[in-house]
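All remarks here apply to the structure that follows.
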Protein chains: 2
Amino acid sequence: MSKPTKLADIAALAGVSTATVSRALSGHPSVSKATQARIQALAREHDVRPNQLARNLRLRSTGAIGLAMPLGHARTQHLTDPFFLSLLGYIADLLVDRGYDVLLSRVLPENGDWLDRLVDAGRVDGLLLIGQSDQYETIERVATRYGPLVAWGVHRDGQRHLAIGSDNIAGGRLAAEHLLERGRRRLLFVGDPAPPEFADRLAGFAAAARAAGVRAEVLATAMDPDRVHAAMRTRLAVGTLPDAIFAASDVAAMSVLRAVSEAGLDVPREVAVIGYDDVTLAAHTSPPLTTIRQDLARGAALMVERLLARVAGEAAEHAVIVPELVVRAST
Amino acid sequence: MSKPTKLADIAALAGVSTATVSRALSGHPSVSKATQARIQALAREHDVRPNQLARNLRLRSTGAIGLAMPLGHARTQHLTDPFFLSLLGYIADLLVDRGYDVLLSRVLPENGDWLDRLVDAGRVDGLLLIGQSDQYETIERVATRYGPLVAWGVHRDGQRHLAIGSDNIAGGRLAAEHLLERGRRRLLFVGDPAPPEFADRLAGFAAAARAAGVRAEVLATAMDPDRVHAAMRTRLAVGTLPDAIFAASDVAAMSVLRAVSEAGLDVPREVAVIGYDDVTLAAHTSPPLTTIRQDLARGAALMVERLLARVAGEAAEHAVIVPELVVRAST
DNA sequence: CAACGTTATGCAATCGATTGCAATAACCTT
DNA sequence: AAGGTTATTGCAATCGATTGCATAACGTTG
């Protein structure tokens with residue numbers, strides 16, 4: 001034998017059966033102290049560890065959780081938004097702490113069976129979706145036959161798949177109320193109003209404005225920085241200036257800040273800017289960005305906790321994170 | 001049978017053997033057209049797909065690549081730096097495109113066998129390390145016995161593990177030369193000089209300054225935003241003001257920008273600021289950040305390409321990305 | 001000393017898919 | 001009709017670890 005790699009090799013070396021090696025390594029009590037010590041020493045010496053594939057096959061559990069990010073509308077070719085990446089980071093941390101591996105898939109949903117493939121491949125014990133994208137229907141369909149599935153996103157009445165998300169309507173309302181309180185009257189929403197989450201933010205924002213007798217203007221744009229910046233610059237060049245801007249995300253808000261300062265306007269004196277998410281960098285822009293905070297650590301914890309409950313066969317329901325206003329210097 | 005889940009179930013339904021089902025699903029030519037169509041229809045109808053675990057065990061390949069981020073010095077509890085996350089995104093994209101799954105591990109190296117565990121668990125065909133952190137020795141040791149391993153980071157003479165990284169010395173030099181060209185004479189480096197990559201950036205920076213007869217001051221600090229900000233504020237409160245600051249990363253540069261503008265100093269008139277990495281947001285700070293660009297897309301492609309070569313048993317060598325100066329408004 | 005308990009170990013089945021080889025059926029050739 | 005192809009399909013071993021049950025070796029007790 002050239003180099004021992006599997007338990008059977010160690011068994012041969014130690015002159016015992018594979019069964020004993022398996023038991024010795026897992027600390028099974030029915031192996032004698034002496035044998036156990038001897039086998040563990042041999043295994044360590046030769047860098048032999050149980051093959052996880054075989055182990056999982058036998059135990060009918062994979063010890064892995066799938067983490068997928070459906071990129072339906074955001075056709076950006078890769079993972080960019082720090083909000084999602086940060087959520088991903090938190091989730092990965094929590095799962096690793098609980099002894100799970102994380103199987104990452106970025107998905108460009110071309111046909112309707114991407115989720116079936118993920119589910120039926122049998123590589124994971126459960127699946128987390130970071131965002132629903134425009135795949136709401138697909139997720140609903142698969143959720144009827146596959147339990148351990150949790151998504152970050154909105155929960156609608158009658159929804160069958162388990163979703164954790166923040167209350168975007170409340171968040172939009174918070175933003176509007178804060179700006180109104182600051183005496184602003186010419187409100188502008190900047191972002192893509194199509195995805196459900198952004199739609200809710202705008203809805204809450206517009207409703208609160210309406211309640212105060214103020215009209216909220218909408219500047220619809222794709223969400224990547226360059227497009228937001230361009231749209232904003234164009235808007236600032238013509239028509240009445242807004243005195244307050246609500247960006248659909250912090251990343252968008254940074255582009256807004258830049259366009260505003262390039263137009264020679266002072267933030268917040270002439271124009272107030274508020275973002276959404278409270279990503280790490282929001283505290284470090286200049287001026288630091290007022291924003292609506294989504295408690296990601298809590299969101300991630302909820303997703304993981306409910307998913308693992310489902311994995312264990314227990315019931316688990318959707319949950320809503322309450323957003324929070326974080327006032328900094330940009331408003 | 002309650003619900004068909006495996007190939008044997010389909011075999012029973014179709015009245016054939018498991019072998020035939022396996023061949024039918026994989027499009028093996030020796031199965032008759034009729035049988036193949038019938039079996040594929042059955043499998044689709046019942047959402048049955050081959051169990052990947054069993055498949056991989058049999059084929060002795062996992063179809064997965066491990067992606068680990070050793071967090072040795074940066075004890076931040078989770079993945080935050082957009083540079084690394086962006087690299088992660090690119091890599092994940094490339095691997096998924098080539099049909100690999102990505103097994104993500106965040107590693108807090110507590111003892112020296114974290115890498116052995118990753119390697120010996122047999123869950124992946126190869127391993128990518130995003131950063132060397134302070135684990136250079138461990139990586140070197142494991143690389144002597146495990147080939148398919150590629151790290152992002154520095155390559156030193158005589159190094160045994162395969163690393164892809166940018167030329168940080170050249171990058172530091174670029175930064176210094178640019179600042180000197182702008183007439184700056186009181187240079188300050190801000191960051192943690194311990195990790196090899198930052199050490200190189202500082203070395204190149206200091207060498208170029210020395211060559212111009214200028215001394216570069218070093219403000220050593222941990223890299224998380226709050227610490228950088230605090231260190232910078234303290235520094236600006238006392239002593240001679242620098243007229244140019246080189247931050248070890250763009251994220252650090254953002255904290256620097258904030259501290260500088262809070263101190264009432266104008267960027268770039270009174271103080272020039274230059275970062276490193278050219279993360280997406282660097283173009284969107286105010287003022288937009290001059291920085292040293294590392295071509296991440298190319299770096300990721302190189303890492304994946306060389307790793308897969310190693311996985312296929314071919315030789316592959318280290319590579320160096322040439323950094324590039326990107327001039328924006330902060331200098 | 002026989003009967004029994006205890007402790008440590010091995011045997012062999014199992015998880016589910018793949019594949020070399022053998023076997024069968026169907027068809028062709030002369 | 002016998003011998004020869006060819007097209008399909010099945011048998012059974014294999015990947016490597018786990019574990020219920022059986023068994024061997026030893027000690028204990030009446």
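Quick note on labels: first sequence line is chain A, next is B, and so on, each numbered from 1. What you are looking at is a predicted structure, and each value in this text was computed from that prediction instead of being measured.
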First-last contacting nucleotides on DNA chain D - partner chain A, under 4.0 angstrom, heavy atom:
dG16(D) to dG20(D)
Tell me the side chain to side chain donor-acceptor pair (under 3.5 Å) pairs involving residues 296-319 of chain A, sequence neighbours left out?
His155(A)-His318(A)
Just call it for Arg55(A): base, sugar-phosphate, or nothing, with non-hydrogen atoms closer than 4.0 Å on any strand.
sugar-phosphate
With a 4.0 Å heavy-atom cut-off, tell me which residues in residues 25-38 of chain A come close to DNA chain C, sorted by residue number.
Ser30(A), Val31(A), Ser32(A), Thr35(A)
Any sub-3.5 Å donor-acceptor pair from Glu197(B)'s side-chain atoms to Val154(B)'s backbone N or O?
no
Contact class for Leu59(B) vs. all strands (heavy atom < 4.0 Å): base, sugar-phosphate, or nothing?
sugar-phosphate
Does any part of the side chain of Leu128(A), heavy atoms only, come nearer than 4.5 Å to the side chain of Leu95(A), both counted from C-beta?
yes
Looking for any heavy atom pair under 4.0 Å, which part of the strands does Leu57(B) touch: base, sugar-phosphate only, or nothing?
base
To the nearest 10 degrees, what angle separates the axes at the start and end of the helix from dC1(C)-dG30(D) to dT30(C)-dA1(D), five pairs each?
60°
Taking Gln40(A) for its side chain and Ala24(A) for its backbone only, find out whether a donor-acceptor pair lies under 3.5 Å.
yes
Between Thr62(B) and Asn56(B), do the side chains contain an N or O donor and an N or O acceptor separated by less than 3.5 Å?
no
Qualifying salt bridge (Lys or Arg N to Asp or Glu O under 4.0 Å) pairs with a residue from residues 17-43 of chain A, counting only residues at least two apart or across chains
none
N/O donor-acceptor pairs under 3.5 Å from side chains in residues 140-148 of chain A, not counting sequence neighbours:
residue: Glu140(A); atom: OE1; partner: Arg160(A); partner atom: N; Å: 3.0
residue: Glu140(A); atom: OE2; partner: Arg160(A); partner atom: N; Å: 3.0
residue: Glu140(A); atom: OE2; partner: His161(A); partner atom: N; Å: 2.9
residue: Glu140(A); atom: OE2; partner: His161(A); partner atom: ND1; Å: 2.6
residue: Arg141(A); atom: NH1; partner: Asp116(A); partner atom: OD1; Å: 3.3
residue: Arg141(A); atom: NH1; partner: Asp116(A); partner atom: OD2; Å: 3.3
residue: Arg141(A); atom: NH2; partner: Gly112(A); partner atom: O; Å: 2.8
residue: Arg141(A); atom: NH2; partner: Asp116(A); partner atom: OD2; Å: 3.1
residue: Thr144(A); atom: OG1; partner: Arg141(A); partner atom: O; Å: 2.6
residue: Arg145(A); atom: NE; partner: Asp47(B); partner atom: OD2; Å: 3.4
residue: Arg145(A); atom: NH1; partner: Asp120(A); partner atom: OD1; Å: 3.2
residue: Arg145(A); atom: NH2; partner: Asp116(A); partner atom: OD1; Å: 2.8
residue: Arg145(A); atom: NH2; partner: Asp120(A); partner atom: OD2; Å: 3.0

Check the side chains of Trp152(A) and Gln132(A) for a donor-acceptor pair under 3.5 angstrom, ignoring hydrogens and angles.
no
Verify whether one side chain among Ser26(B) and His28(B) offers a donor that lies under 3.5 Å from an acceptor in the other.
no
Mind listing the closest non-hydrogen atom pair of Ile10(A) and Pro4(A) along with its distance?
CD1-CB, 4.5 Å
